Amino acid sequence: MSVSPAPDATATTPPRLRFAPSPTGFLHVGGARTALFNWLYARQTGGQFLLRIEDTDRQRSTDESTRAIFEGLAWLGLDYDEEVVFQGANLARHQADVATLLASGAAYRDFTPAAELERMRAEAEGAGQAFRFDRELAALTPEQEAAKLAAGAPFAVRFKVPDGVTDWVDAVHGRIAFPNKDIEDFIILRSDGTPVYNLAVVSDDIAMRITFVMRGDDHISNTPKQILLYRALGAPVPRFAHVPMIHGTDGKKLSKRHGATAVGDYQHEGLLPSAMCNFLALLGWSTGDDTEVMLRDELLARFSLDGLQKKAAVFDPQKLDWMNGQHLAKLPLDEVMPHVYPAFERQGVSTRAELESRDTWFRTLVELLRVRSRTVDELARQAVPYFVDTVEYDADAVSKQWRDASAVAEILSATRERLASLPTWEPTSMETALRALAEELGISGGKIFQPLRVALTGQTASPGIFDVLVVLGRDRSLDRLEAAVRWLKSDVVA
RNA sequence: GGCCCCAUCGUCUAUCGGUUAGGACGCCACCCUUUCAAGGUGGAGAGACGGGUUCGAUUCCCGUUGGGGCUACCA
């Protein structure tokens, strides 16, 4: 009883993979990473990447979740081939497969009432025993079964687990084996006629001709059941790769307590999809060398099953931020712009229409700010001084750079005068003029630049001061200097 | 409880028997510098424990411990 590691068919034909989330919550980062690995492998090998929504749990499935999955995948740039498959639409096939299993004797009807089962389980657990369904409990003579059937008694269908050992060569773990005696005769069809997860998955994967199943390693113990089902249905067993889970900082399964876990949250916090993919890929996979920052194409080129990790990875938001900063600074500007507009709207700094109306100017500003930001939302926040009519002076900036108000007022008004007299408004002449002024006043350049920065932005931190002057433009810069001088003088009096 | 998976700095990881155990995030210091970032340099920081195998184990095997998953007429 053993499974060949890679059937010849899958070795020569491009693989077919799938991502099969259940729409019972938002697209989780763990799910997103599984999808990413599947997508990467499919795209890299020239195979197909399919999407299946496992909506058989009617109680918990919602359209909203389904939409979140579509949106999340779209945002990450994980496109899929062929039509989306909704598992719930395949009920008839699931039932037909169960009928096949019943007919071949690979499965049997169990008329034991659910309540009775529950009672036995509670009793066993109360006695500290593990409850395992005993096939004999359902044993009926053909006459008895016919009678129950005729009477319309409800029954569930159980798979008859054969003797032996079920094993497979996992692409990340190597050989994994389960003695069949540890697997109980699991239910494949409920008494209401609906299929149970393991049956639906196998039935759909066979119908979708999936040759490679890559999923979270929480499915390892489902795998032997599914392999048994493939065999009983006479279908080829696909290749399996069980990738490690993603945990929170406390080592536990990632959940709400750990902060944002939905990819939509990151999208709305100003993260870039390429950074998210890069970061997620590095959780449970590595290139083998020291490469970490990889733009989409490089990730696609370098991804390999060999680099897959066995150990669960802890999600570190700080590293995600750093990664995003790297992408924000390195991506072609055209690729980051589409993500910048929504951030400015989210932060209430400006509107897309307004920004697009002065595109050249805006791109210059983004270019200046992006190396200093870790997210596009942070970038938008840093851009505030370039959009407001009057700057607010930060209290710390004032106490630090405008300590000696009257002296600073003098310096700033001299600065204003010097700048106003310039024939052109460009960095080199401004710098020459202001450095000359500093020398005349017998002070260091910083004694001019720092107070000037506060006058222009209200902050102690900003891009290079001459870039700020250029972005602000001559009129606004001179106005702000004048306002600062006025403020300083009135403040001294007050 | 039973079964299965896993185990290198706080975190992500490299190492495929012989290394001063390397890199990255974060942290600290310094450099660059008009500020902030970015960048550069340096620092602190790891093989869970116990047995084997071997001339030699982080690496291979066993056990212990720890963590995780599954154990539903959930997915």
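These figures come from a predicted structure and were not determined experimentally. Below, chain A is the first sequence line, B the second, and so on; all start at residue 1.
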Relative to the 5' end of RNA chain B, which residue comes earlier, A:Q326 or A:V314, by the nucleotide with the nearest heavy atom?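 Going by which nucleotide is closer to the 5' end, it is A:V314.
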Nearest nucleotide by nearest heavy atom, which residue falls closer to the 5' end of RNA chain B, A:P21 or A:E431?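 The residue mapped nearer the 5' terminus is A:E431.
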Distance-only, no hydrogens or angles: does the A:R416 side chain make a donor-acceptor pair with backbone N or O of A:L478 under 3.5 Å?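 Yes, the answer is positive, given that a donor and an acceptor are paired below the 3.5 Å cut-off.
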Can we call the ring centroids of [X] and [Y] under 6.0 Å apart?
X      : Y      : answer
A:Y386 : A:F362 : no
A:F133 : A:F186 : no
A:F155 : A:Y108 : no

Between [N] and [M], how far apart are the two [atom1] atoms, rounded to whole Å?
N      : M      : atom1 : value
B:rG43 : B:rG66 : C1'   : 31 Å
B:rU58 : B:rA46 : C1'   : 10 Å
B:rA7  : B:rA29 : C1'   : 34 Å
B:rA72 : B:rU64 : P     : 26 Å
B:rU53 : B:rC62 : P     : 15 Å
B:rU19 : B:rC3  : P     : 39 Å
B:rC55 : B:rG63 : P     : 24 Å

Who pairs with [N] - Watson-Crick or G-U, where each distance is under 3.5 Å:
N      : answer
B:rC70 : B:rG2
B:rA48 : B:rU64
B:rC25 : B:rG10
B:rC30 : B:rG40

Below 4.0 angstrom from OP1 or OP2 of [N], is there any side-chain N or O of [X]?
X      : N      : result
A:R372 : B:rG39 : no
A:S462 : B:rC36 : no
A:R435 : B:rU34 : yes
A:H242 : B:rC5  : no

Expressed in angstrom and rounded to an integer, what is the separation of A:I411 atom CD1 from B:rU34 atom C1'?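 Nearest whole value for this atom pair: 13 Å.
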Hey, can you tell me if A:Y266 and A:F315 have their rings parallel, tilted or perpendicular (30° and 60° cut-offs)?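 Aromatic pair A:Y266/A:F315 classed tilted.
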Please state whether the rings of A:H219 and A:Y197 are parallel, tilted or perpendicular, taking 30° and 60° as the class boundaries.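 A:H219 and A:Y197: parallel rings.
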Is [X] touching bases, backbone alone, or none of the nucleic acid, heavy atoms closer than 4.0 Å?
X      : result
A:L283 : sugar-phosphate
A:P224 : nothing
A:E292 : base
A:T194 : nothing
A:A329 : nothing
A:T223 : nothing
A:G445 : nothing
A:G284 : sugar-phosphate
A:S191 : base

I'd like a list of close polar pairs between nucleotides 7-9 of chain B and the protein, N/O only, cut-off under 3.5 Å.
unit_1	atom_1	unit_2	atom_2	d
B:rU8	OP2	A:K311	NZ	2.4

I'd like a list of close polar pairs between nucleotides 68-71 of chain B and the protein, N/O only, cut-off under 3.5 Å.
unit_1	atom_1	unit_2	atom_2	d
B:rG68	OP1	A:K252	NZ	2.6
B:rG69	O2'	A:D218	O	3.3
B:rC70	O4'	A:S221	OG	3.1
B:rC70	O2'	A:S221	OG	3.1

For nucleotides 59-64 of chain B, which of its nitrogen or oxygen atoms have a protein nitrogen or oxygen under 3.5 Å away, and what is each distance?
none

Taking the side chain of A:I176 as heavy atoms from C-beta outward, which of B:rA24, B:rA14, B:rC4 is closest to it?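 Among the listed nucleotides, the one closest to the side chain of A:I176 is B:rC4.
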Given A:R215, which partner from the list A:T223, A:N222, A:N38 fulfils the side-chain hydrogen bond (donor to acceptor under 3.5 Å, both in side chains) test?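 Single side-chain hydrogen bond (donor to acceptor under 3.5 Å, both in side chains) partner of A:R215 among A:T223, A:N222, A:N38: A:T223.
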